[in-house]
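Chain letters run A, B, ... following the sequence lines, proteins first and then strands; every chain starts at 1.
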Protein chains: 2
Amino acid sequence: MTVTTGGAQPRESISPEELAVWRMLQRLQVRVTRVLETDLLVAHDLALASYDVLSRLAEAPGRRLRMNDLAERVLLSRSGLTRLIDRLQRDGLVAREACADDARGLFAVLTDAGAARLAEATPTYLSGIRAQILDVLDATELRQVAAMLAKLLPEDEQSGRPGRPGQPC
Amino acid sequence: MTVTTGGAQPRESISPEELAVWRMLQRLQVRVTRVLETDLLVAHDLALASYDVLSRLAEAPGRRLRMNDLAERVLLSRSGLTRLIDRLQRDGLVAREACADDARGLFAVLTDAGAARLAEATPTYLSGIRAQILDVLDATELRQVAAMLAKLLPEDEQSGRPGRPGQPC
DNA sequence: TCTAGAACGTTGCACGCGCATGGACCTAGG
DNA sequence: CCTAGGTCCATGCGCGTGCAACGTTCTAGA
């Protein structure tokens, strides 16, 4: 990775303002994540990672996703997702289902209980994001930040593209 | 926290574009953090959190900071910082020093070895940030994002204000 | 002066994560 | 066919984190 030399602007260091941007980005992310985490935990006994999983499943066709696909979307390692799905399954929010075409494959499927729990928690989640980010910025700023994020992320991870090739079955 | 009702725009849900902004922010943060972490680890056997600690100590007056202050700056719980300083002390990069004015207080102090390790790792750190963020955005965008971040963060955590009241001693 | 409460840092504990590994299964090349 | 290598998910293990509780020290009020 390291592009120390040969980059467009091979300057040796960065300005305090630039460093501040990065540090503020870190702070923002940590702060928002913590608030969301605790809000969801106290109000619905649901971890943020669990919410993300339920959310991704809900918007997937057939309410189901291959473990691999799901892991990419929620930014978790495969092993991490295995354990998380274990817990969600134990709580009855998600079920595992075999894949007919590929005996190796496994689907995580959102159960009705999971959908209900998701619906119950969603207002908490959304108002957390709004209060901390979306409502603080105006429409113009929101457009600007969206454009910048699009530049910063490789197109193949712009967001959880719902369309993705998607596994068969 | 929850500001479900009474907000400026008490809409019930958010648009897909708004959700995408939040999700892309998550992705960006995770991606940058992981790259930084592994770059530092393979090149200098230094975890990102450790780098942050060394970095904050280096820019503090007297190369030292109270445990509490340091914990705030590196976004770690007090117990988390205790363990991290344990490790850094074991590796000789940081030392603990008592506080003359307050017998409860303890300083984490950057050692010469710590400063050397920091200097060695800094190019890796900086080029990671540049390659992934700073060089991708132009000056205008950088100004815009800085302004937005300033809006999003309470002034009392705009960044690691070096000036902070700071403990005596 | 004495005492109740707060602040500081550390420790016991349990949890969640990633890495490396393993077993089951699929697929392409002889 | 049959085998080598890849993919998929699960498991063993160690690590780093936060929470709650603890001892020590400071501080304010009677």
Check nucleotides 17-19 of chain D against the protein and report each pair of N or O atoms closer than 3.5 Å, with its distance, or say if there are none.
from   : atom 1 : to      : atom 2 : distance (Å)
D:dT17 : OP2    : B:Arg87 : NH2    : 2.9
D:dG18 : OP1    : A:Arg34 : NH2    : 3.3
D:dG18 : OP2    : B:Ser77 : N      : 3.0
D:dG18 : OP2    : B:Ser77 : OG     : 2.6
D:dG18 : N7     : B:Ser79 : OG     : 3.2
D:dC19 : N4     : B:Ser79 : OG     : 3.0

What is the separation between atom [atom1] on [X] and atom [atom2] on [N], rounded to the nearest whole Å?
X: B:Glu37; N: C:dC17; atom1: CD; atom2: P; answer: 16 Å
X: B:Asp69; N: C:dC8; atom1: CG; atom2: C1'; answer: 11 Å
X: A:Asp86; N: C:dC17; atom1: CG; atom2: P; answer: 11 Å
X: B:Ile85; N: C:dC8; atom1: CD1; atom2: P; answer: 16 Å
X: A:Asp91; N: C:dG16; atom1: CG; atom2: C1'; answer: 15 Å

Practice task
With salt bridge (Lys or Arg N to Asp or Glu O under 4.0 Å) as the test, would you mind laying out the steps for B:Arg63 and B:Asp112 before giving the verdict?
Solution key: CA-CA 10 Å; B:Arg63 274 179 169 184; B:Asp112 289 342; 3.0 Å; yes
Exercise for the section: Pick out which of B:Leu57, B:Val109, B:Leu84 makes a side chain to side chain contact (heavy atoms under 4.5 Å, CB included) with B:Val94. Expected result: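 Among B:Leu57, B:Val109, B:Leu84, the one that satisfies the side chain to side chain contact (heavy atoms under 4.5 Å, CB included) with B:Val94 is B:Leu57.
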Problem - Heavy-atom pair of closest approach, residues A:Ala121 and A:Leu46 - result: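 Taking A:Ala121 first and A:Leu46 second, the nearest heavy atoms are CB-CD2, 4.0 Å.
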Exercise for the section: Of all the heavy-atom pairs spanning B:Ile85 and B:Ala108, show the shortest one and how long it is. Expected result: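 Result for this residue pair: CD1-CB, 4.0 Å.
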Exercise for the section: Report yes if a side-chain nitrogen or oxygen of B:Asn68 is closer than 4.0 Å to either non-bridging phosphate oxygen (OP1 or OP2) of C:dG9; otherwise report no. Expected result: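 Checking B:Asn68 against C:dG9: at least one side-chain N or O falls below 4.0 Å of OP1 or OP2.
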Exercise for the section: Check the pair A:Ile14 / B:Tyr125 against side-chain contact (heavy atoms from CB on, under 4.5 Å), numbers first and verdict last. Expected result: CA-CA 11 Å; A:Ile14 65 180; B:Tyr125 182 82; over 6 Å; no
Is a side-chain donor or acceptor of [X] paired with a backbone partner of [Y] at a separation under 3.5 angstrom?
X: B:Arg64; Y: B:Gly62; result: yes
X: A:Thr38; Y: A:Arg34; result: yes
X: A:Asp138; Y: A:Thr140; result: yes

Exercise for the section: Return yes if a side-chain donor-acceptor contact under 3.5 Å exists between B:Thr33 and B:Gln29, otherwise no. Expected result: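 B:Thr33 vs B:Gln29: donor-acceptor pair found between side chains.
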Exercise for the section: Could you go through the side-chain contact (heavy atoms from CB on, under 4.5 Å) check for B:Glu141 and A:Gln144 one step at a time? Expected result: CA-CA 8 Å; B:Glu141 291 171 321; A:Gln144 289 175 347; over 6 Å; no
Kindly give the atom pairs (protein nitrogen or oxygen, nucleotide nitrogen or oxygen) under 3.5 Å for nucleotides 22-28 of chain D.
from   : atom 1 : to       : atom 2 : distance (Å)
D:dC26 : OP1    : B:Ala103 : N      : 2.9

Exercise for the section: Give me the bend of the helix from C:dT1-D:dA30 to C:dG30-D:dC1, using the axes of the five pairs at each end, rounded to 10°. Expected result: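 End-to-end axis angle: 10°.
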Practice task
Check step by step if salt bridge (Lys or Arg N to Asp or Glu O under 4.0 Å) holds for B:Arg23 and A:Asp52.
Solution key: CA-CA 10 Å; B:Arg23 286 187 172 175; A:Asp52 279 338; 5.9 Å; no
